[in-house]
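Before any comments, here is the structure.
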Amino acid sequence: MTPDNTEFRARAIEPVECLKAGWATIKDRYWLFLGITLVAVLIGGAVPIVLIGPMMCGLYLCLFAKMRNEPVQFDQLFRGFDHFVPGLVAAAIQTVPILILVVAADAIFFIFMFAVMPHDRYSQDQAPPPVFFLGLVVFVLFAMIVSLTIHSLFLFAYPLIVDRKLSGWDAVKTSYRAAVKNIGGILGLILLNAGLGIVGVICCYVGVFFVMPISFAAYAAAYRQVFPEVSQNFASPPPPPGDWAA
């Protein structure tokens, strides 16, 4: 019987173990994965909605191949374009709501800033009122919460496209369902990776690029904890009765 491609485990993610597993996966080919990750992020960021999907699909194809101890070549990254349409759909579903919310939040913030800033000549020489800084903090927190929420809920969308061959819409829906059931572990892993990124920034900023492959490998390990690999070697059905031996 063919297994359900949307089945997943609940409360399965152990953040520290994911980080360890991710490093163990790529450490012997670290420089190759550093190059793959940088190219994927740079090309995907050039035209985010259009190219980020296939680039992320290609990156996870390489990671999953390495986890299966299969040979990995740099050009495998571009096999992500075999999943261009599902990747595009998943990227649009994730990106468009963020853009709408950010534009709306920007508009509200600038209206608020214009309303609270002093307009007469005497007041312009004074510091902005405290409510301005309060509004700025609220705006930054709102942007961070929205970004973290979207990232958490759709973390498994691209891996599902390449691993379970789901459509973009089904991958997003399944990622959402699995993320809700594993939200604690996902948030813990994202915070761990954020901590690595901060360490990278402290190391003259360029260090952040060197931890990116580890972060993506950790996400791939988390995906495997939630969605175990499905064997493609299904049992053969029994022969028809006419072929049975007498």
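The line from CD of Q76 to CD1 of I36 is 7.5 Å long, rounded to the nearest 0.5 Å. The structure places OG1 of T174 at 9.5 Å from CZ of R164, a figure rounded to the nearest 0.5 Å. Separating the CD1 atom in I93 from the OH atom in Y176 is a distance of 14.0 Å, to the nearest 0.5 Å. Here the straight-line distance linking atom CD1 of I161 with atom NE2 of H83 works out to 8.5 Å at 0.5 Å rounding. With rounding to the nearest 0.5 Å, the separation of SG in C62 from CD in Q73 is 9.5 Å. Expressed to the nearest 0.5 Å, how far CG of L160 lies from OH of Y158 amounts to 12.0 Å.
Sorted by first and then second residue, the pairs that involve residues 10-19 and meet salt bridge (Lys or Arg N to Asp or Glu O under 4.0 Å), not counting sequence neighbours, are E17-K20. Listed by first and then second residue, the salt bridge (Lys or Arg N to Asp or Glu O under 4.0 Å) pairs that reach into residues 170-197 are D170-K173, sequence neighbours excluded. Residue pairs meeting the salt bridge (Lys or Arg N to Asp or Glu O under 4.0 Å) criterion with at least one partner in residues 22-36, sequence neighbours excluded, are D28-K66.
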Mind listing the side-chain donor-acceptor pairs of residues 206-217 below 3.5 Å, one per line with the distance, residues two or more places apart or on another chain?
unit_1	atom_1	unit_2	atom_2	d
S215	OG	N193	OD1	3.2
S215	OG	V211	O	3.3

Worksheet item: Does the pair L61 and D82 meet the rule for a side-chain contact (heavy atoms from CB on, under 4.5 Å), with working shown?
Response: CA-CA 11 Å; L61 278 171; D82 295 342; over 6 Å; no
Discussion item. Does L153 form a side-chain contact (heavy atoms from CB on, under 4.5 Å) with I186? I'd like the steps, not just the answer.
Written reply: CA-CA 9 Å; L153 295 178; I186 289 175; over 6 Å; no
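Among residues two or more places apart in sequence or in another chain, the side chain to side chain donor-acceptor pair (under 3.5 Å) test is passed with Y223 by D163.
Annotation for I198: hydrophobic cluster partners, listed by chain and number, are I202 (ILVMFWY side-chain heavy atoms under 4.5 Å, direct or chained).
In this structure, the ring of Y219 has its center less than 6.0 angstrom from the ring center of H151.
Here the side chains of V89 and S167 are not in contact, with every heavy-atom distance at 4.5 Å or above. By the 4.5 Å heavy-atom criterion applied to side chains, F33 and Y30 are not counted as neighbours. No side-chain heavy atom of E229 sits less than 4.5 Å from a side-chain heavy atom of M67.
Both the sub-6.0 Å distance and the 45° axial angle are satisfied by R224 relative to the ring of F64.
Here the side chain of N182 pairs no donor or acceptor atom with the backbone of V226 at under 3.5 angstrom.
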